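Take a look at the structure below.
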Amino acid sequence: MSQRHENIRNFCIIAHIDHGKSTLADRILELTSAVELRDMEDQLLDNMDIERERGITIKARAVRLKYTALDGNDYIFNLIDTPGHVDFNYEVSRSLAACEGAILVVDASQGIEAQTLANTYLAIEHDLEVVPVVNKIDLPSANPEAVCKEIEEIIGIPAMDAPQISAKMGTNIRAVLEKVITDIPAPSGDDEAPLKALIFDSYYDSYKGVIIYVRVKEGCVKNGMKIKLMSTGAEFTVVETGFMGATDLINVGELHSGEVGYIAASIKSIGDTRVGDTVTDADNPCDEPLPGYKKVNPMVFSGIYPADGSKYGDLRDALEKLQLNDASLSFEPETSIALGFGFRCGFLGLLHMEIIQERLEREYNLDLITTAPSVIYRVTLTDGEVKYIDNPSNYPDPAKISLAEEPVVSANIIVPSDYVGNVMDLCQDRRGVFKDMKYLDASRVNLHYELPLNEIVYDFFDALKSRTKGYASFDYEMTGYAPSKLVKLDILLNGEIVDALSFIIHTDKAYARARKIAENLKEHIPRQLFEVPIQAAVGGKVIARETVKAMRKDVLAKCYGGDITRKKKLLEKQKEGKKRMRQLGSVEVPQEAFMAVLKLD
Amino acid sequence: MAAGLYIHVPFCKSKCPYCDFYSVKITNELVEGWVSAVLRNIKHYGEKYGKIKIDTIYFGGGTPSLVPEKMLNGILKKVDEVFCLENPEISLEANPCSVDLDRLKNLKHAGFNRISFGVQSLNENELKFLGRLHNYKEAVQAIENAALAGFKNISADIMLGVSGQTENSLRKTITDLIELPVSHISAYMLKIEKGTPFDSPQIRLCVPDDDKTAELYLFAVNALDDFGFYQYEISNFAKRDFECRHNLHYWKCEEYIGIGPGAHSFFDGKRFAAKPSLKEFIKMPFQSEEITDSSPGGFEEFSMLGIRLMQGLDLELCEKKYAINAEKIIKKCDMLEKNGLIKVCGKKISLTPRGCLLSNSIIATLFIGF
């Protein structure tokens, strides 16, 4: 191994949400003189507003740091930040594949949580050296010794000499960095071999085109070189290559094996640069790509419509711009009788969906109506044809279905033992199948359930939190499809089906949901000039009914000389108000009503 | 076509807690100042526009009956001198306790031929709730005296949706009222105006809710019709030929001139309002007028006012007058007609009593935004 390799460490930080990953990253940045203190913004690696507010990392990011160790040698650290959420599991796995080791941050007062486990197992799967660190020792409730013991017992990695730190106070950070040098292996690789580099992230820059973040496994990449992206076969000429400084990209013209850096090659579309793909030399390609690449597929779908129909073009532009940086977001135009023109969008998961919706509203100033999230159902027709249904409107006639299947996930829920009963009730209610239960310690339990995905897309996490006073942590992964008794539930207003309110549901849940939705709608639809019946129906049979009573009085009793102009303005305002409503047949429905369907508790 | 003339009398003895019209406490000095300002302004109109044709004169308030007859007489004389009067209806609003037989005789003599009493209710509790200065007896007396003084056209206002009001108490007010020599009744649903003493949570809680008030209204429409007071506008009922001609100007989108602080006008192609300040009205050579609408009289206005009349809105006429498509409107009528809110007869649309109660929404649905 070369001296150059010997002084490089490629690592990431993994943690459960709020255990202090980003704060530790900030402290490391300070200690490694990568950033001047004046440039320091709290949580530098999370640079989207939403990331900072929610305390989560959505996209991976990386930075190259120089560290002068206690032995007097200079080291290059490549720190790769990873998203912590299950929705982005695949992206996490590709970030891990770019590293030799991971710092595992565990909160000294909380101990191990669901995401701690999920991420650690993922790291171990990728043969990473895991360096445990116990954070937040400054908290009064901190119990670092117990947490170390827990790490050893539950995860099975030695933790007795794990650095005990406070990232917030800056306590003991140097010990972490020294651990990185001693415990995490240096990279290896042959500079003379054909280029083989892993794409672990990419984003769109309006001047340079797509910037891809790579870990060079073998060979070198240089400016001017012709590269090939192996999964798509697309070829480009490298314009810039170099490493990521704390605040900007530094074009050094070449990257060698073992290094982490970026490539800019005038790539127009992020669709060409898939995370997990292998970059090679177009003129001297490697034999086979790096393992582990897969195309990520959306799991949750929802119709997104502009509240104001004339903003359809703006919504399309915004989605296109978001997709530039997020290849996992999919969308295609769809039309709803109720909502007009919009898009059916596909997301990796619920968090991903929420984030996209929030960004559309916040960054692009759009007022949206979104339909209930749906998963992809697999339906086998009587003629043997198999259909994947992501939009309830396209659900086939039940008479033509021979088998209906829904996606299921394997879920781990870690919860204080006092709440096990509550969680089991909840999982039962959500049609969960109990798999096993393990005590992590005397007071905490890991519950393992198989759950239908459509039972967790609405409000499962909220329900879980409220039934465990916020103590439960939750993680899941897709396992496949299971046969199910599904029906399409339609909502009718004044006798007409409102397509945007239809959804697919398990037979056993249909009655309760129908009743709840009818009640919610009744609350949100204002009284109109005539009585409006609200009905919920399955296959033409009405299973729930409510009525919005007719409005009785909306009149200006006195209208004389002085009232006329005022009255005219009032009526124009009233008409404006009507414009914000959706006209469904003869019924006017406010936007909130569509959202009300999503609120079940 | 002749215009209406409205004269705003901004004086009251005490202010009713639900009223948001402009008025101040009456003093001799203020009345004198007001009268000379009214005379000045009438003269001004004459100088500016020549002999304007006028066929209704309406003294509204405030409490016009508080102004001494002599002064009212002086104003009417000036009006006659400046404008061209065509068989005018001359109305005066009055409080039941502010006129006795002598005053009523003098008013009749001065030329007034219509008097409108703010009766509001003939139930003592309801009168107290409304903060009125008169009682049952005084109201009855005032109407009888007006008849004795020679008034044939006597109107009474009643209020619907008052705290404690029931169908029974309303029936009593109506049956008592029609025993008296009244020929016109205005029945208004109480509206709580912003900034008035009634604009409080306590009052809102104790008045009947919209559904209940709607019931009271429908009850009143039926009861009045039974007694020969046919409904000719959302809130107005009359024996045949006793409709208020002055108010019909408003609803037919015709011209009117308003004089006095806070008075509104629709004249010379504009809608405008005089500043609601008695001090300024007295001080300024002419009332300062602020334009509220510089292009009035369009279809929206014509229809929102016209539909208030039970005779209905003639869309054929509208098509000729304005560039509108009657068929497009008729199409939207279907659901409303099916639900008994309007009647459609050829190209004529009219409100049913239940439709009257929802007239704002119906107007917004049918006529606004074309």
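On a predicted model such as this, the values are computed, not experimentally measured, just so you know.
- If you tally non-hydrogen atom pairs under 4.5 Å between each of Ser235(B), Ala364(B), Ser361(B) and chain A, the highest count goes to Ser361(B).
- Looking at Cys253(B), neither its backbone nor its side chain comes within 4.5 Å of chain A, counting heavy atoms on both sides.
- A cation-pi arrangement is present between Lys558(A) and Tyr188(B) under the rule of less than 6.0 angstrom and at most 45 degrees off the ring axis.
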**Request:** Give the C-alpha distance, both sets of side-chain angles, the deciding distance and a yes or no for side chain to side chain contact (heavy atoms under 4.5 Å, CB included) between Ile564(A) and Leu305(B).
**Result:** CA-CA 8 Å; Ile564(A) 294 167; Leu305(B) 293 168; 3.8 Å; yes

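- Taking a 6.0 Å sphere around OH of Tyr511(A), one finds it holds 12 or fewer heavy atoms contributed by other residues, nucleotides or ligands.
- When Tyr217(B), Trp251(B), Phe266(B) are compared by the number of non-hydrogen pairs under 4.5 Å with chain A, Trp251(B) comes out ahead.
- Counted within 6.0 Å of NZ on Lys270(B), heavy atoms from surrounding residues, nucleotides or ligands total more than 12; the atom is thus considered enclosed.
- Looking at Tyr6(B), neither its backbone nor its side chain comes within 4.5 Å of chain A, counting heavy atoms on both sides.
- A side-chain hydrogen bond (donor to acceptor under 3.5 Å, both in side chains) with Asp211(B) is found for exactly one of Arg527(A), Lys553(A), Arg552(A), namely Arg527(A).
- Ionic pairing of Glu301(B) and Arg271(B) is present here: one or more N-O contacts between side-chain nitrogen and carboxylate oxygen are shorter than 4.0 angstrom.
- Between chain A and the options Ile362(B), Asn247(B), Ile234(B), heavy-atom pairs under 4.5 Å are most frequent for Asn247(B).
- With a 4.5 Å cut-off on non-hydrogen atoms, Leu160(B) does not touch chain A at all.
- Contacts between residues 496-503 of chain A and chain B, defined by a heavy-atom separation under 4.5 Å, are made by no residue at all.
- Around NZ of Lys465(A), the count of heavy atoms belonging to other residues, nucleotides or ligands within 6.0 Å exceeds 12.
- Using a 4.5 Å heavy-atom cutoff, the side chains of Lys338(B) and Phe530(A) are not in contact.
- At most 12 heavy atoms of other shown residues, nucleotides or ligands fall within 6.0 angstrom of atom NZ in Lys343(B).
- Between chain B and the residues Leu529(A), Asp563(A), Leu570(A), Thr565(A), the largest count of heavy-atom pairs under 4.5 Å involves Leu529(A).
- With a 4.5 angstrom heavy-atom cutoff, Asn339(B) touches chain A only via side-chain atoms.
- Judged by the 6.0 Å and 45° rule, Arg344(A) forms no cation-pi pair with Phe301(A).
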